[in-house]
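In what follows, every chain begins at residue 1, and chains take the letters A, B, ... in the order their sequences are listed. Just so it is clear, the values below take in all heavy atoms, side chains as well, and ignore hydrogens, waters and symmetry mates. Owing to the predicted nature of the structure, the values given are computational and were not obtained by experimental measurement.
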Amino acid sequence: MTEQVRTRIAPSPTGPPHVGTAYMALFNLAFARRHEGRMILRIEDTDQLRSTPESEEAILQALSWLGIEWDEGPDCGGEYGPYRQSERTALYQAEVQRLIDQGHAYLCFCSAERLEQLRKEQMANKETPRYDGHCLSLTPEEVEERKNRGDPYVVRLKVPDEGECRFTDELRGEISIQWSQIDHQIIQKSDGFPTYHLANVVDDHLMKISHVIRGEEWISSTPKHILLYEYLGWSAPVFTHLPLLRNPDKSKLSKRKNPTSITYYQDSGFLPEAMLNYLGMMGYTLPDQREIFSLNEFCETFEIKRVSLGGPIFDLDKLKWVNGRYLRENLTPEEVLQRLVEWKGGPSFFSQVIPLALPRLETFSDFFPLSQFLLNENPLYPFDELVGKQEPREVARLLKIAEWELEKVDSWDRDSLASVFQILAETESKKLKELLTPFFVCITGSKVSLPLFDGMALLGADLSRSRIRKALQLLAENDAGLSKKGLKSLEKEYRQSYGKRID
RNA sequence: GUCCCGUUCGUCUAGUCAGGUCAGGACACCGGGUUUUCAUCCCGGCAACAGGGGUUCGAAUCCCCUACGGGACGCCA
């Protein structure tokens, strides 16, 4: 008899919870439920630099908000834990050692500079960039010596030079990729941590994952995984690569172009069940073509073969329509009231706003006009108000710089925001008051409002960013936007004055 | 640049595996009706098989080529 179906989602806690994660989670969950299996949540935090506990917490919370439940995970435990890769390093190191001992992997001492150089040359020669096997020629004695000397090293996977890797994707059929296209993948970094590829394969095996359902972006590295399974003497799971969610311009859904954080949708007033319903119709239709369905209905009727392969564009209009139907058809007015209060209609929210509004109040009726921007998804304002007395292009420039600077803020509170704008004012040699005017308008929709930094803190990072983006759009529509060229030179200027941009 | 994956209305998609009804539904948009406004709701309209070549009595469906789109090519995942 076949083994139990076990699927997993493996988010990396390196940023805000992404809708793509929720999308993958939904399909993994549905497949597991449909086949009376289990879904595992595993935290892939092998990137020591970028992973944070806050982000992990946020991901767990966002998925729970959506109603996605996992059977095993770092919070609820399970038979195959720990479920956080940073707590499993010994396991990986043992397997890496086994691979080295069996001659399937080797130590590499090459410098970043040499690798960079090599990559450049290969690109120039129209070849696929690939490690040239330089350190493969080291004798065991040399390796031992350099290792003892304390030279930093990584461990690479030995990949055949000829032939091809064939594997089956449940949706796409047979895929074959020449081994010569596959790099000698680093499986252990110089900090001793495994890379994704190694950790992923080891964990999927140890956690008895039967079906790997993941994004299309992984197709080209699947041969590395297949090879690892072979070398380690394990049988590989069934692979299914789902299409990627797209921006309206068809590129992979990204926060630069779209709100991608689950908390954005939460903060701007969407219902979790509507959100999940909408994600369920991306690349998929139920057998009876229903458009409104519960998570249970989705899971009970789920057939993975019905997934369609074209990358679906995330369409806010349709999401809103779905959400509207839930509000009107699936909830009673009492329930709506309750959900509204849970959202931003209750004391927990208003008690934060009152102190900010109070100095500006004469009567109660002053309160809502002042705080409406916190509840309004998209406050509107005229172009002239945004620009004020400043040069429109200068406003665009400041907004763009602020957008980049705000990406660096990791704790979104009043003080951090204040310091961002102070730095901005200093660097631009502008008075803070003058600098802030367009930001007041784009965040609150008005020149007269609550204190900006508190307001932004309350609004949250995602909503604030999207408003700056909308202001930039408005400027562009009025021929005051940044041209492609202007953007490039601004980026250069920005790097010099403010340092590197981060993702 | 190299490799891989994809391609049905503007968008999400049904139909493709087992070739044969005017290519169906939904969002958006447009028009009409209900409604003291608006919204909801109801009715109607617009609108697609990327292109070319095969196979076949017959192709959205099977095969090949081209174009276009996307992804991967990190000591990120």
Apply ring-ring contact (aromatic ring centres under 6.0 Å, His included) to the pair A/Tyr494 and A/Trp404, showing each step before the final yes or no.
CA-CA 9 Å; A/Tyr494 173 81; A/Trp404 290 335; 5.1 Å; yes
Integer angstrom distance from the [atom1] of [N] to that of [M]:
| N | M | atom1 | result |
| --- | --- | --- | --- |
| B/G15 | B/C62 | P | 13 Å |
| B/G45 | B/U56 | C1' | 37 Å |
| B/C9 | B/G24 | C1' | 12 Å |
| B/C12 | B/G70 | P | 14 Å |
| B/C49 | B/A14 | C1' | 12 Å |
| B/U13 | B/A47 | C1' | 15 Å |
| B/G10 | B/A72 | C1' | 29 Å |
| B/A28 | B/C46 | C1' | 12 Å |

Under 4.0 angstrom, heavy atoms only, what part of the nucleic acid is A/Ser176 near: base, sugar-phosphate, or nothing?
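Here A/Ser176 touches the backbone only, sparing every base.
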Reckon A/Thr46 touches a base, only the sugar-phosphate, or nothing at all at heavy-atom distances under 4.0 Å?
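Sugar-phosphate only.
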In the structure shown, which nucleotide is the Watson-Crick or G-U wobble counterpart of [N], with both distances under 3.5 Å?
| N | answer |
| --- | --- |
| B/U11 | B/A26 |
| B/A39 | none |
| B/C17 | none |
| B/A59 | none |
| B/G6 | B/C68 |

Taking the side chain of A/Lys252 as its heavy atoms from C-beta onward, which of B/G71, B/A77, B/C27 lies nearest to it?
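In terms of side-chain proximity for A/Lys252, the closest of B/G71, B/A77, B/C27 is B/G71.
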What is the distance, to the nearest angstrom, from the [atom1] atom on [X] to the [atom2] atom on [N]?
| X | N | atom1 | atom2 | answer |
| --- | --- | --- | --- | --- |
| A/Leu198 | B/C76 | CG | P | 13 Å |
| A/Glu116 | B/G74 | CD | P | 9 Å |
| A/Asp191 | B/G74 | CG | P | 18 Å |
| A/Leu253 | B/G71 | CG | P | 11 Å |
| A/Arg42 | B/A77 | CZ | P | 13 Å |

Would you sort out whether A/Glu300 and A/Arg34 count as a salt bridge (charged side-chain N to carboxylate O under 4.0 Å, His left out), showing the intermediate values?
CA-CA 6 Å; A/Glu300 278 163 15; A/Arg34 177 65 208 280; over 6 Å; no
Stacked cation flag A/Arg156 on A/Tyr106, 6.0 angstrom / 45 deg:
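No, A/Arg156 and A/Tyr106 do not form such a contact.
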Selection residues 258-284 of chain A - residue pairs positive for salt bridge (charged side-chain N to carboxylate O under 4.0 Å, His left out), sequence neighbours left out:
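Those involving residues 258-284 of chain A are A/Glu273-A/Arg339.
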Among A/Leu107, A/Leu99, A/Val96, exactly one meets side-chain contact (heavy atoms from CB on, under 4.5 Å) together with A/Gln188. Which residue is that?
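Output: one option passes, namely A/Val96.
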Is [X] close enough to [N] that one of its side-chain N or O atoms is under 4.0 Å from OP1 or OP2 there?
| X | N | result |
| --- | --- | --- |
| A/Arg328 | B/C41 | yes |
| A/Arg119 | B/G74 | yes |
| A/Lys224 | B/A77 | no |

Evaluate ring-ring contact (aromatic ring centres under 6.0 Å, His included) for A/Tyr284 paired with A/Phe302, printing each intermediate quantity in order.
CA-CA 9 Å; A/Tyr284 189 78; A/Phe302 187 71; 5.1 Å; yes
In terms of the nearest nucleotide of RNA chain B, which residue is placed more toward the 5' end: A/Ile175 or A/Trp218?
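So the residue in question is A/Ile175.
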On RNA chain B, nearest-nucleotide positions of A/Gln181 versus A/Ser251: which is more 5'?
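Whichever sits nearer the 5' end wins; that is A/Gln181.
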Salt bridge check, A/Arg42 against A/Glu44: does any charged N sit closer than 4.0 Å to a carboxylate O?
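A/Arg42 and A/Glu44: salt-bridged.
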For the pair A/Arg88 and A/Asp45, find out whether any cationic side-chain nitrogen is under 4.0 Å from an anionic carboxylate oxygen.
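Not counted as a salt bridge, because no side-chain N and carboxylate O are separated by less than 4.0 Å.
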Spell out yes or no: do the side chain of A/Ser220 and the base of B/C4 have one donor N/O and one acceptor N/O closer than 3.5 Å?
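No such pair is found, so the answer is no.
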In the 5'-to-3' direction, what one-character label does each nucleotide of nucleotides 6-18 of chain B receive under the scheme B = base within less than 4.0 Å of a protein heavy atom, S = sugar-phosphate only, - = no such atom?
S----SBSSS---
Please determine whether salt bridge (charged side-chain N to carboxylate O under 4.0 Å, His left out) holds for the pair A/Lys318 and A/Glu291, giving the CA-CA distance in whole Å, both sets of side-chain angles, and the decisive distance to 0.1 Å.
CA-CA 11 Å; A/Lys318 190 138 190 185; A/Glu291 293 212 284; 3.1 Å; yes
